[in-house]
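Everything below concerns the one structure shown next.
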Amino acid sequence: MFRDLKPDEIEIRVASITEKGASFLLYKNARCDMNILDETVGNMHWQRHHLKDNANCIVSIYCTEKKEWVQKEDTGAESFTEKAKGLASDSFKRACFNWGIGRELYTAPFIYINKDKMKIEKRGDKYSTFDKFEVEAIKVEKGIITGLAIINLKTRDRVFTYAKK
């Protein structure tokens, strides 16, 4: 029902980092979900409703054949910043995963980038990077990521490539 995500709709964040390199996760944001819902079913044919102080979100889509609303629900987790907003956003994104939006992200390969392809800094006893990364290309077949290329926006170098055999 929903199309696969485009490269510019996928964001990348650090999962863990050491002095040797970092692992990364792919994710989508709530604006991406809203845009895909609008594009696919129309802005008047979907709605969201939050319950339990934003911990749960129900995304409903109007089925014109049955002439009724079909609902899918999920729960979210607070973010480190803006807890209430992060909780609402996360529960919404998870409910949209239940509809199939961005579900291919669950099939992402392990993404690890060595220190020679990024700048890593030590702050106290922790490591961090201020480099930003972008999905340059993605290939999805039958809901599974079979190809992925990531670039470092600072250097414009391709720093990760994946091709499923």
Side-chain angles (χ1 to χ4, degrees), residues 2-37 48 50 52-59 72-165:
F2 293 100
R3 65 168 173 76
D4 298 326
L5 298 180
K6 299 173 186 172
D8 64 350
E9 294 171 323
I10 302 169
E11 298 186 25
I12 303 171
R13 72 172 174 84
V14 173
S16 65
I17 189 167
T18 69
E19 72 279 3
K20 296 179 180 179
S23 63
F24 293 84
L25 298 173
L26 303 179
Y27 69 99
K28 60 185 172 73
N29 64 39
R31 287 177 299 283
C32 172
D33 290 317
M34 290 183 270
N35 290 338
I36 290 175
L37 283 163
R48 71 193 260 189
H50 290 274
K52 300 179 183 176
D53 295 323
N54 291 333
N56 283 37
C57 180
I58 298 171
V59 173
K72 298 205 179 191
E73 178 179 1
D74 213 324
T75 190
E78 291 179 343
S79 63
F80 294 112
T81 58
E82 298 187 68
K83 289 185 178 191
K85 182 180 173 190
L87 182 59
S89 177
D90 193 51
S91 61
F92 173 64
K93 290 185 294 183
R94 289 176 186 237
C96 289
F97 271 121
N98 288 338
W99 278 105
I101 300 173
R103 198 175 291 163
E104 65 272 18
L105 296 180
Y106 287 127
T107 71
F110 178 69
I111 301 167
Y112 184 83
I113 300 173
N114 288 317
K115 67 179 180 181
D116 61 332
K117 296 183 178 182
M118 60 192 284
K119 183 177 180 185
I120 296 176
E121 298 177 15
K122 187 172 185 180
R123 296 190 166 212
D125 61 344
K126 295 186 178 183
Y127 292 92
S128 62
T129 184
F130 292 101
D131 288 8
K132 301 292 181 209
F133 300 89
E134 182 177 271
V135 173
E136 179 183 35
I138 188 167
K139 184 176 181 184
V140 179
E141 296 177 21
K142 297 179 183 176
I144 297 171
I145 295 173
T146 58
L148 181 66
I150 296 174
I151 60 170
N152 182 326
L153 289 175
K154 251 186 190 173
T155 64
R156 302 305 300 173
D157 292 331
R158 184 176 289 167
V159 295
F160 181 85
T161 304
Y162 168 77
K164 187 171 184 170
K165 296 176 172 107

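Because only heavy atoms are used, hydrogens play no part in the values below, and waters and symmetry mates are left out as well, while side chains stay in.
- Using a 4.0 Å cut-off between charged side-chain N and carboxylate O, R3 and E9 make a salt bridge.
- Side-chain polar atoms of S91 and N56 form no donor-acceptor pair below 3.5 angstrom.
- Side-chain contact check for F133 versus V14: every heavy-atom pair is 4.5 Å or farther apart.
- Using a 4.5 Å cut-off on side-chain heavy atoms (C-beta onward), C96 and F2 make no contact.
- Minimum heavy-atom separation, D53 to L87: O-CD2, 3.5 Å.
- Taking a 6.0 Å sphere around NZ of K72, one finds it holds more than 12 heavy atoms contributed by other residues, nucleotides or ligands.
- Checking side-chain atoms of T75 against main-chain N and O of A55 turns up a donor-acceptor pair under 3.5 Å.
- Less than 6.0 angstrom separates the ring centroid of F97 from the ring centroid of Y106.
- Comment: K139 engages E141 in a salt bridge, judged by a side-chain N to carboxylate O separation of less than 4.0 angstrom.
- The distance from atom CD1 of I113 to atom CG of D157, rounded to the nearest 0.5 Å, is 11.0 Å.
- Under 4.0 Å is where a charged nitrogen must lie from a carboxylate oxygen, and between R123 and E121 at least one such pair does.
- Heavy-atom contacts from other residues, nucleotides or ligands closer than 6.0 Å to CG of D8 number more than 12.
- Pairing each heavy atom of K20 with each of I120, the nearest pair is C-CD1, 4.4 Å.
- Each of R94, K93, K28, R48 was evaluated against D33; a single residue qualifies, K28, per the side chain to side chain donor-acceptor pair (under 3.5 Å) test.
- Counted within 6.0 Å of NZ on K154, heavy atoms from surrounding residues, nucleotides or ligands total more than 12; the atom is thus considered enclosed.
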